[in-house]
Every structure is written in C-alpha cells, then in structure tokens.
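The structure appears right after this line, and notes come after that.
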Number of protein chains: 2
Amino acid sequence: MTKTIAADTQTSKDRLRLWLRVLKATRAVENEVRENLRREFSSTLPRFDVMAALTQHNDGLKMSGLSTVLKVSNGNVTGIVERLVEDGLVIREKVPGDRRASLVKMTAKGRAEFAKQAAAHEQWIDTMFAGVAAEQVVPIADALDAVARQLDDKDER
Amino acid sequence: MTKTIAADTQTSKDRLRLWLRVLKATRAVENEVRENLRREFSSTLPRFDVMAALTQHNDGLKMSGLSTVLKVSNGNVTGIVERLVEDGLVIREKVPGDRRASLVKMTAKGRAEFAKQAAAHEQWIDTMFAGVAAEQVVPIADALDAVARQLDDKDER
DNA sequence: GCAGTAAACTTCAAGCTTAAAGTTTCATGC
DNA sequence: GCATGAAACTTTAAGCTTGAAGTTTACTGC
C-alpha cells in the first residue's frame with residue numbers, strides 16, 4: 001500500500017518534470033524558428049502555420065476550418081489571413097452556396113514562397129533535433145501523441 | 001552508401017514528425033492550462049510563469065533576471081509585473097547600490113495565491129500526462145532536455 | 001411565409017509578445 | 001572631473017491571441 005502510493009507520487013513528480021522539459025524545449029525551438037523566419041523570410045510563425053495548413057488542404061479551407069485545424073480562435077484567423085491577402089500569398093474566394101463563408105487558398109506566389117520556407121524549416125528542425133537518438137524519435141512521438149489525443153477527445157465530448 | 005542516405009532521410013522526416021507532435025501536444029496542454037487558470041483563478045499563463053520563477057528565487061529577481069529566466073523580452077516583463085503589482089501579488093523593491101534596477105518579490109498574498117494555483121497545476125498536468133507510461137517519462141524528459149540545452153548553449157556563444 | 005435558432009464570420013477590448021528606440025544610471029579610462 | 005560606453009529599464013509600434021459581443025446569412029419547424 002505504502003509502496004503503491006510512493007510510486008504514484010514519484011510518477012506524478014516525474015510527469016511534472018517531464019512537462020516542464022517539454023515546455024522548455026518547445027519554447028527554445030519555437031524561439032529559434034520564429035527568429036529564423038523573421039530574419040530569413042521577414043515572416044512569422046502564425047503566418048507559416050496558416051500557409052502550412054493551406055498547403056495540406058490543397059482545395060482550400062474556410063475560415064472556420066482554419067481555426068479548427070490550427071486550434072486558435074476565429075477572430076485570430078481573421079487578422080492573419082487579412083495580412084496574408086495583403087501580401088498576395090493567399091486569396092479569399094466566395095463559397096457558391098453560402099454567402100457567409102469564404103474559402104481561403106494559396107496563390108501561386110504563396111506556394112512558391114512557402115516551398116522555400118518549408119524546405120528551410122525542415123532543415124532547421126533536423127539540426128535542432130540532432131541530439132535525439134534515432135531510435136528514440138518514434139517512441140517519443142507516439143507518447144506525446146497520446147497526450148494530445150486525450151485532450152482532443154476531451155474537447156469533442 | 002545508398003543505405004546511409006536512405007536512413008538519414010528517414011531520420012530527418014521522423015524528426016520533423018517528432019517536432020510536429022511535440023508542438024501539437026504542447027499547444028494542447030497549454031490551451032488546457034490557460035483555460036483552467038482563467039476559469040478557476042481568473043489568471044493567465046504568463047502571470048503564472050512569473051510567479052513560479054519568483055517562487056523558485058525566494059530572495060527576488062531583477063527585471064532582467066526575470067526576462068533571462070523566462071526567456072522573454074525585457075519589455076514583456078515590464079507589463080506583466082506591472083499588473084501583478086496592481087493586484088498586490090508581487091512587489092518591486094529598490095536595489096540599494098543601483099538606482100536603475102528593481103528587485104521583484106512575491107508578497108504574502110502572492111505566495112498564498114500561487115500555492116493554490118501550483119497545487120491545482122500539478123494535478124492538471126498529472127492527469128494530462130497519464131497516458132505516458134511511467135517508464136517512458138524519464139527518457140523522454142532527458143531527450144528533450146538535450147534539445148533545449150543545445151539551443152541554450154548556442155545562445156550563449 | 002416566417003419566427004426562432006444556429007452557423008460563419010468580424011469586431012472589440014484587454015492582454016501578451018517582440019524588436020527597436022529612448023531614458024536614466026553606472027562604470028571605466030584618462 | 002568628465003567623456004564614453006554599457007547596463008537596466010521603459011516605451012512604442014506592430015502583430016498575435018483570446019473570449020465575448022455583434023452582424024449577416026442559412027436552416028428548421030410550423
């Protein structure tokens with residue numbers, strides 16, 4: 001009985017430590033990516049994220065689709081897309097049957113620009129994660145996926 | 001030769017996938033923590049972070065110390081501390097030998113409030129990371145620490 | 001038809017964040 | 001002493017973010 005409680009307490013402490021490490025590593029990587037995007041492409045992380053989502057969904061996404069995929073608020077997407085449109089990287093089309101909605105798509109210019117950014121991004125990440133041994137990569141990814149999925153499921157309930 | 005290149009390419013792709021999972025999990029957890037802090041304590045993540053840092057450094061931190069520890073910009077800390085002071089959770093003391101600097105410390109009220117928040121926080125995290133097997137926790141934490149440390153070292157160069 | 005409700009957004013206020021520029025104070029060299 | 005530069009901040013402009021409130025359009029029941 002005591003043994004079980006002690007083990008649980010230790011695991012709980014270790015889980016908190018794990019979270020703090022995850023957070024620290026994430027922020028370090030994000031800061032680096034943000035800085036690189038700014039310096040090399042005069043862009044930002046949210047803009048990159050929106051373009052990545054649109055590249056995944058080649059036939060376009062509605063505003064609500066974007067905010068669902070990126071898990072950010074509706075109002076947030078409005079502003080980011082607005083600026084991407086100004087820069088001609090993205091376009092807003094009318095949805096035939098629904099005058100409330102609009103479909104956001106990459107422009108040719110956007111695709112060309114994003115291709116460059118994505119290639120550089122992949123390179124940055126590879127360098128930053130070089131310290132993680134190859135055989136650890138998949139197990140870690142799976143473990144974290146379990147965490148994310150549990151929270152996603154909760155949201156849908 | 002071909003074998004080596006193929007293996008490296010695969011590892012590179014896996015590392016990118018790993019990063020995307022890390023990011024997804026981090027955002028999911030952060031969103032949950034943010035929401036809980038708001039709902040249960042009418043507070044925010046940055047405020048929690050500042051109080052956590054001050055709790056670690058019981059004899060106070062200078063503004064520059066806070067921005068170094070939290071890895072955020074100087075101007076950022078100014079605003080957050082400002083609001084914490086307004087709420088009486090934190091106090092700014094004068095530094096004897098240096099009229100430019102100020103030392104930020106928790107107040108008694110701040111300590112009491114943070115104790116509640118930290119206890120709840122630990123509970124939230126334990127629940128959210130329940131899906132990670134106990135024997136995986138430490139190896140994952142160590143692997144991510146390597147990533148963060150590499151970037152930290154780079155900053156110091 | 002038409003009332004009521006839901007969906008798809010946009011707008012708003014408040015706070016967070018950064019990089020860059022500005023202010024005051026301190027330390028160093030001479 | 002005093003100039004010069006660095007340190008410790010604060011301020012500013014621009015963008016990101018959220019939750020809440022507001023607007024327009026679509027759908028559903030009757």
Side-chain angles (χ1 to χ4, degrees), chain A residues 26-28 30-51 53 60-87 89-90 92-104 155, chain B residues 23 26-28 30-51 53 60-87 89 92-104 155:
Chain A
T26 301
R27 288 187 178 167
E30 273 192 332
N31 281 340
E32 179 80 7
V33 171
R34 188 197 325 282
E35 194 180 323
N36 288 350
L37 278 176
R38 192 183 59 80
R39 200 182 46 240
E40 298 187 20
F41 299 105
S42 300
S43 191
T44 66
L45 221 30
R47 291 164 61 105
F48 183 84
D49 289 344
V50 166
M51 289 197 282
L61 274 174
K62 293 195 292 184
M63 297 298 275
S64 52
L66 270 173
S67 68
T68 301
V69 170
L70 301 176
K71 296 221 188 68
V72 297
S73 62
N74 286 339
N76 190 354
V77 174
T78 300
I80 298 167
V81 168
E82 200 172 280
R83 283 177 283 273
L84 286 174
V85 168
E86 281 172 16
D87 294 349
L89 300 171
V90 137
R92 292 176 71 146
E93 292 183 356
K94 287 171 183 167
V95 174
D98 193 337
R99 279 185 295 175
R100 297 168 302 178
S102 55
L103 201 57
V104 185
D155 284 346
Chain B
L23 191 55
T26 302
R27 287 187 178 167
E30 273 192 331
N31 280 341
E32 179 80 6
V33 171
R34 187 197 326 282
E35 194 180 322
N36 289 350
L37 278 175
R38 192 181 60 82
R39 199 182 45 239
E40 298 186 20
F41 299 105
S42 300
S43 191
T44 66
L45 221 31
R47 290 165 62 107
F48 182 85
D49 289 344
V50 166
M51 289 197 281
L61 274 174
K62 294 195 291 183
M63 297 297 276
S64 51
L66 270 173
S67 67
T68 301
V69 169
L70 301 176
K71 296 220 189 68
V72 297
S73 63
N74 285 341
N76 190 355
V77 175
T78 299
I80 298 168
V81 168
E82 202 171 278
R83 283 177 284 272
L84 286 173
V85 169
E86 280 171 16
D87 293 349
L89 300 171
R92 293 176 71 145
E93 292 182 356
K94 287 172 182 165
V95 174
D98 192 338
R99 280 185 294 176
R100 296 169 301 179
S102 54
L103 201 57
V104 185
D155 284 346

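All chains are named by letter (A, B, ...) in the order of the sequence lines, taking the proteins before the strands, and each is independently numbered beginning at 1. Both backbone and side-chain heavy atoms feed into the values below; hydrogens, waters and symmetry mates do not.
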Over how many whole Å does the gap from [X] atom [atom1] to [N] atom [atom2] extend?
X: A:Asp98; N: C:dA7; atom1: CG; atom2: C1'; result: 8 Å
X: A:Leu61; N: C:dC9; atom1: CG; atom2: P; result: 10 Å
X: B:Leu37; N: C:dC16; atom1: CG; atom2: P; result: 12 Å
X: B:Leu45; N: C:dA14; atom1: CG; atom2: P; result: 21 Å
X: B:Glu82; N: C:dA14; atom1: CD; atom2: P; result: 15 Å
X: A:Asn31; N: D:dC16; atom1: CG; atom2: P; result: 16 Å
X: B:Leu84; N: C:dG15; atom1: CG; atom2: C1'; result: 12 Å
X: B:Glu86; N: C:dA14; atom1: CD; atom2: P; result: 13 Å

(message) Minimum heavy-atom separation for B:Ala53 and B:Leu66, please, with both atom names.
(response)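 Residues B:Ala53 and B:Leu66, closest heavy atoms: CB-CD2, 4.0 Å.
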(request) Mind listing the closest non-hydrogen atom pair of B:Gly60 and B:Leu103 along with its distance? (result)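 That would be C-CD1, 3.9 Å.
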(request) Pick base, sugar-phosphate or nothing for A:Gly97, based on heavy-atom distances below 4.0 Å to the nucleic acid. (result)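 Touches sugar-phosphate only.
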side-chain N/O [X] vs [N] OP1/OP2, d < 4.0 Å:
X: B:Ser102; N: D:dA8; value: no
X: A:Lys62; N: C:dA8; value: yes
X: A:Ser64; N: C:dA7; value: no
X: A:Arg83; N: D:dC16; value: yes
X: B:Arg99; N: C:dC26; value: yes
X: A:Asn76; N: D:dT18; value: yes
X: A:Arg92; N: C:dT10; value: yes

(message) Taking atom types as they are modelled, would you say the side chain of A:Arg100 forms a donor-acceptor pair with the base of C:dA7 within the 3.5 Å cutoff?
(response)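 By the distance-only test, yes, there is a pair.
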Picking from [options], which would you name as closest to the side chain of [X]?
X: A:Ile80; options: C:dC16, C:dC26, D:dC16; result: D:dC16
X: A:Met63; options: C:dC16, D:dC16, C:dT10; result: C:dT10
X: B:Thr78; options: D:dT11, C:dT18, D:dC16; result: D:dT11

(request) Could you check A:Arg34 against A:Gly65 and say which one's nearest nucleotide on DNA chain C is further toward the 5' end? (result)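 The residue mapped nearer the 5' terminus is A:Gly65.
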(message) Pick the closest DNA chain C nucleotide for A:Arg38 and for A:Val77 by heavy atoms, then say which residue is nearer the 5' end.
(response)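 The residue whose closest nucleotide sits nearer the 5' end is A:Val77.
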(message) With side-chain contact (heavy atoms from CB on, under 4.5 Å) as the test, pick out the partner of B:Leu70 among B:Asp49, B:Asn76, B:Ile80.
(response)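 Per the side-chain contact (heavy atoms from CB on, under 4.5 Å) rule, the option paired with B:Leu70 is B:Asp49, out of B:Asp49, B:Asn76, B:Ile80.
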(request) Taking the side chain as every heavy atom from C-beta outward, state whether A:Arg83 and A:Arg47 have any pair of such atoms under 4.5 Å apart. (result)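 With C-beta onward as the side chain, the pair touches.
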(request) Answer yes or no: is there a donor N or O on one side and an acceptor on the other, between the side chain of A:Asp98 and the main chain of A:Arg100, under 3.5 Å? (result)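 Confirmed, A:Asp98 side chain pairs with A:Arg100 backbone.
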(request) With DNA chain D as reference, determine whether A:Ser73 or A:Pro96 sits nearer its 5' end, using the nearest nucleotide of each. (result)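 On the 5' side of the pair lies A:Ser73.
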(message) Under 4.0 Å between a side-chain nitrogen and a carboxylate oxygen: does that hold for B:Glu93 and B:Lys62?
(response)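 Salt bridge: no.
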